[in-house]
Peer 1: 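Encoded as structure tokens, here's the structure I'll be asking about.
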Amino acid sequence: QVQLVESGGGLVQAGGSLRLSCAASGRTFSRYTMGWFRQAPGKEREFVASINWSGGVTYYAKSVKGRFTISRDNAKNTGYLQMNSLKPEDTAVYYCAASSERPQSLEYDYWGQGTQVTVSS
């Protein structure tokens, strides 16, 4: 069993940066693919980025590629999402997730509770 807790969300102006963290409990976190997703009001939850267990393979949604960076520190059981050049359309609740055979899908076994990111224009 893995429990995930996101932090680092907040209000930022367009063009600014935020770093989200995802703290995981359980010794098996390091074995799992990890992903970040987001859900804006009235929209479906969408894939943002994923990283494999070693950190050597990453994927990004086209809308964030070049602006966001996913990483992880398995020694700390923590994943990160560095978000730069933020835009108002990045406003959403951001969720981290762990354990998936299809990292760009919603098919993850474990989910966090989400953290709000609001980007003002």
Peer 1: How many angstroms lie between atom OG of Ser25 and atom CD of Gln1, to the nearest 0.5 angstrom?
Peer 2: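 Rounded to the nearest 0.5 Å, the OG-CD separation comes out at 8.0 Å.
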
Peer 1: State the CG-CD distance between Leu81 and Glu6, to the nearest 0.5 angstrom.
Peer 2: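 Rounded to the nearest 0.5 Å, the CG-CD separation comes out at 11.0 Å.
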
Peer 1: Which of parallel (below 30°), tilted (30 to 60°) and perpendicular (above 60°) describes Tyr95 and Trp111?
Peer 2: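 Tyr95 and Trp111: perpendicular rings.
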
Peer 1: State, to 0.1 Å, how close Thr78 and Ser21 come at their nearest heavy-atom pair, and which atoms those are.
Peer 2: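 Reported closest heavy-atom pair: CG2-CB, 4.3 Å.
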
Peer 1: If hydrophobic clusters are built from ILVMFWY residues whose side chains come within less than 4.5 Å, do Val93 and Leu106 share one?
Peer 2: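 Yes; Leu106 is reachable from Val93 via cluster members.
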
Peer 1: Distance from Asp109 atom CG to Glu101 atom CD, nearest 0.5 Å?
Peer 2: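 Asp109 CG to Glu101 CD: 8.5 Å, rounded to 0.5 Å.
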
Peer 1: When the ring planes of Phe37 and Phe47 are compared, do they come out parallel, tilted or perpendicular, using 30° and 60° as the limits?
Peer 2: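 Ring orientation, 0 to 90° scale: perpendicular.
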
Peer 1: Flag the pair Arg67 / Met83 as yes when at least one side-chain heavy-atom distance between them is below 4.5 Å, and no otherwise.
Peer 2: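 Counting from C-beta outward, Arg67 and Met83 never come under 4.5 Å.
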
Peer 1: Mind jotting down which residue pairs meet the disulfide bond (SG atoms under 2.5 Å apart) criterion with at least one end in residues 25-77? Sequence neighbours excluded, please.
Peer 2: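 Listed by first then second residue: nothing to list.
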
Peer 1: If you count the non-hydrogen atoms of other residues, nucleotides and ligands that lie under 6.0 Å from CD in Gln3, is the total more than 12?
Peer 2: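 For Gln3, atom CD is not crowded (no more than 12 foreign heavy atoms under 6.0 Å).
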
Peer 1: Give a yes or no on whether the backbone of Gln104 and the side-chain of Ser50 come within a donor-acceptor separation of less than 3.5 Å.
Peer 2: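 Checking the backbone N and O of Gln104 against the side chain of Ser50, no donor-acceptor pair under 3.5 Å is found.
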
Peer 1: Ignoring hydrogens and angles, tell me if any N or O in the side chain of Gln13 forms a donor-acceptor pair with the backbone of Ser120 under 3.5 Å.
Peer 2: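 No.
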
Peer 1: So, taking the atom named CG in Leu18 and the one named CD in Gln82, what distance separates them when rounded to the nearest 0.5 Å?
Peer 2: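 The distance works out to 8.5 Å.
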
Peer 1: Taking the side chain as everything from C-beta on, heavy atoms only, tell me whether Thr33 gets closer than 4.5 Å to Tyr108.
Peer 2: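 Touching, per the 4.5 Å side-chain cut-off.
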
Peer 1: Tell me the closest heavy-atom pair linking Tyr60 and Thr69, and the distance in Å.
Peer 2: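 So the minimum-distance heavy-atom pair works out to OH-CA, 3.4 Å.
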
Peer 1: Does Gln113 reach the main-chain N or O of Val5 with its side chain, forming a donor-acceptor pair under 3.5 Å?
Peer 2: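 Checked: no pair found.
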
Peer 1: For the pair Asn74 (side chain) and Trp53 (backbone), establish whether a donor and an acceptor sit closer than 3.5 Å, ignoring hydrogens and angles.
Peer 2: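 Present.
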
Peer 1: Do Leu20 and Leu86 belong to the same hydrophobic cluster, where Ile, Leu, Val, Met, Phe, Trp and Tyr are linked whenever their side-chain heavy atoms lie under 4.5 Å apart, directly or via other members?
Peer 2: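 Yes; tracing contacts between hydrophobic side chains, which count when under 4.5 Å, links both residues.
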
Peer 1: Is the closest side-chain heavy-atom distance between Val2 and Thr28 below 4.5 Å?
Peer 2: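 A side-chain contact exists here, since the closest heavy-atom pair is under 4.5 Å.
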
Peer 1: Calculate, to the nearest 0.5 Å, the distance between atoms CD and OG belonging to Glu89 and Ser121 respectively.
Peer 2: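 Reported to 0.5 Å precision, the distance equals 10.0 Å.
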
Peer 1: What I'd like to find out is whether the side chain of Asp90 reaches to under 4.5 Å of the side chain of Phe68, using heavy atoms alone.
Peer 2: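 Yes, close enough: below the 4.5 Å cut-off.
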
Peer 1: Would you name the heavy atoms of Ala98 and Leu4 that are closest together and state the gap between them?
Peer 2: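 Heavy-atom minimum between the residues: N-CD1, 3.7 Å.
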
Peer 1: Could you note down all residue pairs passing disulfide bond (SG atoms under 2.5 Å apart) where residues 86-121 supplies at least one of them, sequence neighbours left out?
Peer 2: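 Non-adjacent pairs meeting disulfide bond (SG atoms under 2.5 Å apart): Cys22-Cys96.
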
Peer 1: Closest approach of Thr118 and Gln116, non-hydrogen atoms and distance?
Peer 2: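 The pair with the smallest heavy-atom distance is OG1-NE2, 3.3 Å.
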
Peer 1: Considering only heavy atoms from C-beta outward, does the side chain of Ser63 approach that of Arg38 to under 4.5 Å?
Peer 2: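 Yes, close enough: below the 4.5 Å cut-off.
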
Peer 1: Kindly work out whether a path of hydrophobic side-chain contacts (I/L/V/M/F/W/Y, heavy atoms less than 4.5 Å apart) joins Tyr59 to Tyr32.
Peer 2: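 No; Tyr32 is not reachable from Tyr59 via cluster members.
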
Peer 1: How long is the gap from OG on Ser7 to CZ on Arg19, to the nearest 0.5 Å?
Peer 2: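 Here the rounded value is 9.0 Å.
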
Peer 1: Keeping the roles fixed (side chain from Thr91, backbone from Val119), state whether a donor-acceptor pair exists under 3.5 Å.
Peer 2: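 Pair found, side chain donor or acceptor close to backbone of Val119.
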
Peer 1: Check for me, please, whether Val117 and Val48 land in the same ILVMFWY cluster - side-chain distances under 4.5 Å, paths through other members count.
Peer 2: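 Yes, because Val117 and Val48 connect within a single hydrophobic cluster, where side-chain heavy atoms sit under 4.5 Å apart.
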
Peer 1: Are any side-chain N or O atoms of Asn52 and backbone N or O atoms of Gly55, one a donor and one an acceptor, separated by less than 3.5 Å?
Peer 2: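 Pair found, side chain donor or acceptor close to backbone of Gly55.
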
